[in-house]
Amino acid sequence: MSNKIDLTLNINGQDHAVSVEPRKTLVDAIREDCALTGTHIGCEHGVCGACTVIVGGEAVRSCLMFAVQAQGKPIRTVEGLASGKTLHPLQRSFMAHHGLQCGFCTPGFLMLAVNTLEKNPAIGDEELLDVLSSNLCRCTGYQNIILAVKAAREDMRTKEEAVAG
Amino acid sequence: MAATLNPSDAKVGSQVGRSVPRLEGRDKVTGRAEYTHVMRLPGMVYAKLFRSTVAHGKIKSIDTSAAKKVPGVLHVVTVDDVMKVLKSPYYGPAFHDQPILAHEKVRFVGEPVAAVIATDPHIAEQAVQLITAEYEEMPAVFDEVEALTSDVFVHEQLKPAHTFADLKHLKDAKNTNVALSYNLRRGDFDKAFAAAEHQFEHEFKTQKVLHLSFEPFACICDFKDTHVTFYDSSQGPSFVRTEIARLLGWPENKVRIKVPYLGSGYGSKLYIKLEALALALAMIARKPVKVAHTFEEMFYQITRHPSTFRIKSGVDKNGKIVARKCEVYWNGGAYADIGPRVTQKSGLTAAGPYDIDNVWIDSHALYTNVTPSGALRGFGVPQLVWAYEGHTDMMARALKMDPVEFRRKNLAIEGRAHATGQILQDHPIEKVMDKVLERMEWSKPFDRGGNSHIKRGRGFAIANKAVISPTTSVAIVNVSADGSATLYCGTVDMGQGSDTAMAQMVAEVLNIPTEDVRVTPRDTDVTPYDMGTLGSRSLFHMGHAVRRAAEDARDKLKALAKEVGEPEGSNIPIAELFQKRYGMQAGNVIGSGIYKPDYTSPAPGTGQSPNVTPFWMLAGSGAEVEVDTETGHVKITKLITVVDCGKAINPKSVETQISGAALMHLGFTMFEKMHIDGGQVTNASLADYKIPGFHDLPTKLESLYVEHDQSNGPFGAKGVGEVATFCVGPALANAIDDACGVRIMEMPLNAETVYRALRAKMGKPLEDA
């Protein structure tokens with residue numbers, strides 16, 4: 001069982017050459033082998049969504065995926081959201097609207113919301129709520145998370161329009 | 001902006017009352033915030049636990065041979081190994097009753113029996129699967145009422161710690177499961193009840209639920225022969241230090257507890273949890289050892305107390321409650337943890353926020369053979385309110401009185417005596433009630449849903465709570481030679497926003513922007529004593545200490561200015577002040593503050609005290625529901641919660657504390673339940689134990705506060721961490737009763753429970769599943 005496999009994980013545009021057991025989950029590889037600890041491990045069976053990352057353009061539970069399955073696909077984690085010192089609109093929005101308390105679920109929510117808004121910047125409120133409901137938060141009561149994502153949606157849309165115009 | 005000695009107010013403005021975004025927000029949204037569960041030390045090894053499969057039994061043998069052979073396994077540890085490094089392996093805040101690993105006996109399913117230490121957590125987990133144990137099973141007791149009279153005893157002999165005076169008499173007690181009985185006697189209940197025009201008696205129950213912090217329990221111990229360091233997901237580092245020092249027989253200054261941010265706690269990470277085990281394992285491994293739970297393991301660490309509450313009231317012909325008897329049984333599980341304190345501190349408010357002359361309270365902490373129970377956001381009070389506010393509504397209905405008017409007639413208002421004898425001050429309970437009713441539009445006609453199978457109803461509940469007292473907090477404010485200020489305080493920010501609120505208080509006193517105050521991460525080598533982040537005590541107690549420390553620093557800066565010859569009222573930049581005094585950027589000004597409120601212990605036997613709490617927490621909730629009488633499904637269309645916060649130091653943080661607490665308690669009320677079969681938890685995972693998600697939000701959720709200046713509070717403020725949990729449950733049960741005429745006496749109020757009650761009411765009860 002200690003037959004390790006060599007693979008390359010491309011995370012936030014950077015290649016990480018790692019040697020892992022086939023049974024290693026993606027979240028463990030990201031955190032332990034690539035030292036990116038912003039992705040949190042919660043329930044470890046796909047319910048809470050704290051470990052959500054974007055793999056090949058899809059938001060996934062990194063606790064339900066083996067590291068070997070992510071080979072060759074671009075992976076995005078919370079560490080890749082800001083560009084330099086400039087925060088992503090969603091990061092700013094979560095701070096400004098008190099969309100977090102303990103912060104343990106926050107990286108997962110951010111990745112889920114980023115993926116959702118990038119795929120469909122004009123997503124309606126109801127559909128947005130349906131997508132967000134795949135993750136859980138025990139602290140906030142959700143209202144401020146909804147506020148934060150909606151505000152970022154407007155912010156990102158305005159920016160896109162400005163670029164297009 | 002450089003800090004100056006006497007800045008004009010206009011420059012900075014008020015820092016208290018501002019919705020400052022949380023200071024650590026940037027770290028949290030960029031994935032850079034530190035949590036114990038995430039941390040690794042060089043050379044660190046990992047422990048996983050082998051747990052009991054029986055609820056009560058003698059350990060006949062433990063076979064660890066196969067586990068020891070797994071490559072990567074360093075040690076397999078039982079209590080015999082533990083006792084070679086720690087002679088007495090028992091710990092706990094109220095009783096020294098919990099063994100680091102099971103000793104001779106197991107007392108609940110899930111109790112740690114052996115530990116594997118390995119180079120990798122997955123190897124440790126795999127090796128745990130290879131351990132076997134044989135038990136001689138013994139009869140077990142699970143129910144709190146049965147435990148009072150059962151001849152099954154969870155402990156052979158009780159071992160109270162020295163911390164609490166009211167437990168001393170239980171030393172070496174045998175043949176009992178009672179870990180404390182708290183009694184309150186005021187007036188003459190028996191006489192007043194017998195003479196009352198109307199007499200009511202009900203029994204309410206609450207189920208076993210748990211905190212489920214998203215960061216599970218985690219502790220890293222780095223033991224050296226001369227000192228020991230813990231990295232710990234703990235709400236009470238000062239207590240951990242004291243207890244570890246006791247176990248080691250060391251002075252406290254050789255024990256260091258470092259606490260980064262917590263992925264929440266809600267009371268679960270209080271007192272001592274994994275620390276004693278981590279200590280023993282690190283002493284054995286002689287390397288840093290990390291013990292970190294999975295979500296499943298949290299079901300075997302600590303939960304909320306299930307309870308049975310028998311309540312009796314006598315009401316006179318005018319609708320005035322004249323007598324009340326409360327018998328409360330708390331299901332404490334196999335180890336006392338802080339249960340005896342829950343029993344006493346909550347017990348004293350069991351009669352509710354009502355003005356009743358004759359009160360009798362008996363509140364019993366009981367050992368049983370299930371996962372231990374402890375503090376959970378409300379310290380027992382939500383279980384009490386569930387009963388007394390359901391009881392209130394049932395009486396009002398029977399008396400054909402409006403439930404709100406019945407309450408108004410009986411509320412204990414300022415200037416009246418609480419059941420403990422304390423005269424109520426800063427207790428604006430009517431203000432809280434009126435605000436709920438106003439937002440509910442209670443006085444307007446209410447649409448009950450006509451003839452369809454959807455029935456609409458609404459309910460109300462109100463409550464108060466005494467803060468845990470007497471407790472002490474200490475804080476230090478350090479002004480550096482460049483004029484920047486650093487706060488050292490032991491309050492643990494687990495999401496409630498305490499770092500930000502405390503920094504706001506420092507900023508208010510020093511007249512600088514909150515964002516410029518640095519809050520030092522908690523570290524018992526550096527941050528001074530604090531009793532613990534619990535029971536909504538921190539903003540009040542630590543707030544006072546912080547304010548005093550900042551004032552002390554400010555006064556010392558002024559003295560320094562005088563010393564260097566600055567004229568009165570000088571607005572010299574602080575950095576120049578240090579430069580003048582020390583000839584370069586050098587030196588510090590250290591301000592310190594300590595706070596402990598006045599307190600009088602309740603008299604033994606009667607529970608009477610003129611000063612049992614420095615402040616009261618007040619909350620009210622109103623709920624509107626739609627009950628589908630064909631399925632029992634309940635849709636919550638409105639949930640309004642109002643609390644008295646004294647003064648909102650950070651209004652947005654206050655609102656989020658209220659909404660979070662209300663939704664958490666909505667889960668406890670409507671569907672959360674640990675299912676236990678023969679002592680075995682059958683739904684120990686997040687997939688099987690459902691917590692509220694987005695779609696469980698009521699159509700309208702309002703989280704509001706009133707500001708009644710708390711006359712003895714820092715800046716008029718008091719804590720609000722748990723207060724919004726109190727009334728959600730009974731408001732919902734009262735609304736369901738109002739909608740369809742069924743009264744449910746035990747949580748949760750899920751569709752099955754409601755449907756069964758509806759069928760029973762129709763005279764066509766469903767058979768038990």
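Because only heavy atoms are used, hydrogens play no part in the values below, and waters and symmetry mates are left out as well, while side chains stay in. Order of the sequence lines fixes the chain letters, A, B, ..., with proteins taken first and strands second; residue numbering starts at 1 for each chain.
Side-chain contact between A:V149 and A:L90 is present, with at least one heavy-atom pair separated by less than 4.5 Å.
No part of B:D688 comes within reach of chain A, as not one of its non-hydrogen atoms sits under 4.5 angstrom from that chain. Of the two parts of A:L132, the backbone and the side chain both hold a non-hydrogen atom closer than 4.5 Å to a non-hydrogen atom of chain B. Looking at B:V492, there are no atoms closer than 4.5 Å to chain A (heavy atoms on both sides), in backbone or side chain. Both the backbone and the side chain of A:D130 come within contact range of chain B, judged by heavy atoms closer than 4.5 Å. Only the side chain of A:T106 comes within contact range of chain B, judged by heavy atoms closer than 4.5 Å. Only the side chain of A:E44 comes within contact range of chain B, judged by heavy atoms closer than 4.5 Å. Contact annotation for B:L697: only side-chain heavy atoms (C-beta onward) come within less than 4.5 Å of a heavy atom of chain A.
A salt bridge is defined here as a Lys NZ or Arg NE, NH1 or NH2 lying under 4.0 Å from an Asp or Glu carboxylate O, and B:E24 with B:R26 fails to meet this definition. Taking a cutoff of 4.0 Å between a charged side-chain nitrogen and a carboxylate oxygen, B:R22 and B:D499 do not qualify as a salt bridge. A salt bridge links B:E672 with A:R138; the closest basic N to acidic carboxylate O contact falls under 4.0 Å.
The 12-atom threshold is exceeded at CZ of A:R157, counting heavy atoms of other residues, nucleotides or ligands nearer than 6.0 Å. Other residues, nucleotides and ligands contribute only 12 or fewer heavy atoms inside 6.0 Å of the NZ atom of B:K635.
Counting heavy-atom pairs under 4.5 Å between each of A:C102, A:G38, A:G141 and chain B puts A:C102 at the top. In terms of heavy-atom pairs under 4.5 angstrom with chain B, the leader among A:H88, A:Q101, A:H40 is A:Q101. Most heavy-atom pairs under 4.5 Å with chain B, from the set A:C43, A:G103, A:A50: that is A:C43. With chain A as partner, the option from B:A33, B:S703, B:P692 having the largest number of non-hydrogen pairs under 4.5 angstrom is B:P692. Comparing B:L212, B:L663, B:I691 by how many heavy-atom pairs each has under 4.5 Å with chain A, the most go to B:I691. Of the listed residues B:F214, B:Y35, B:F694, the one with more heavy-atom pairs under 4.5 angstrom with chain A than any other is B:F694.
Ring centroid separation for the pair B:F217 and B:H293 comes in under the 6.0 Å cut-off.
Judged by the 6.0 Å distance and 45° axis criteria, B:K28 is positioned over the aromatic ring of B:Y261.
Side-chain atoms of A:E21 never come within 3.5 Å of backbone atoms of A:K4 as a donor-acceptor pair (strictly under, hydrogens ignored).
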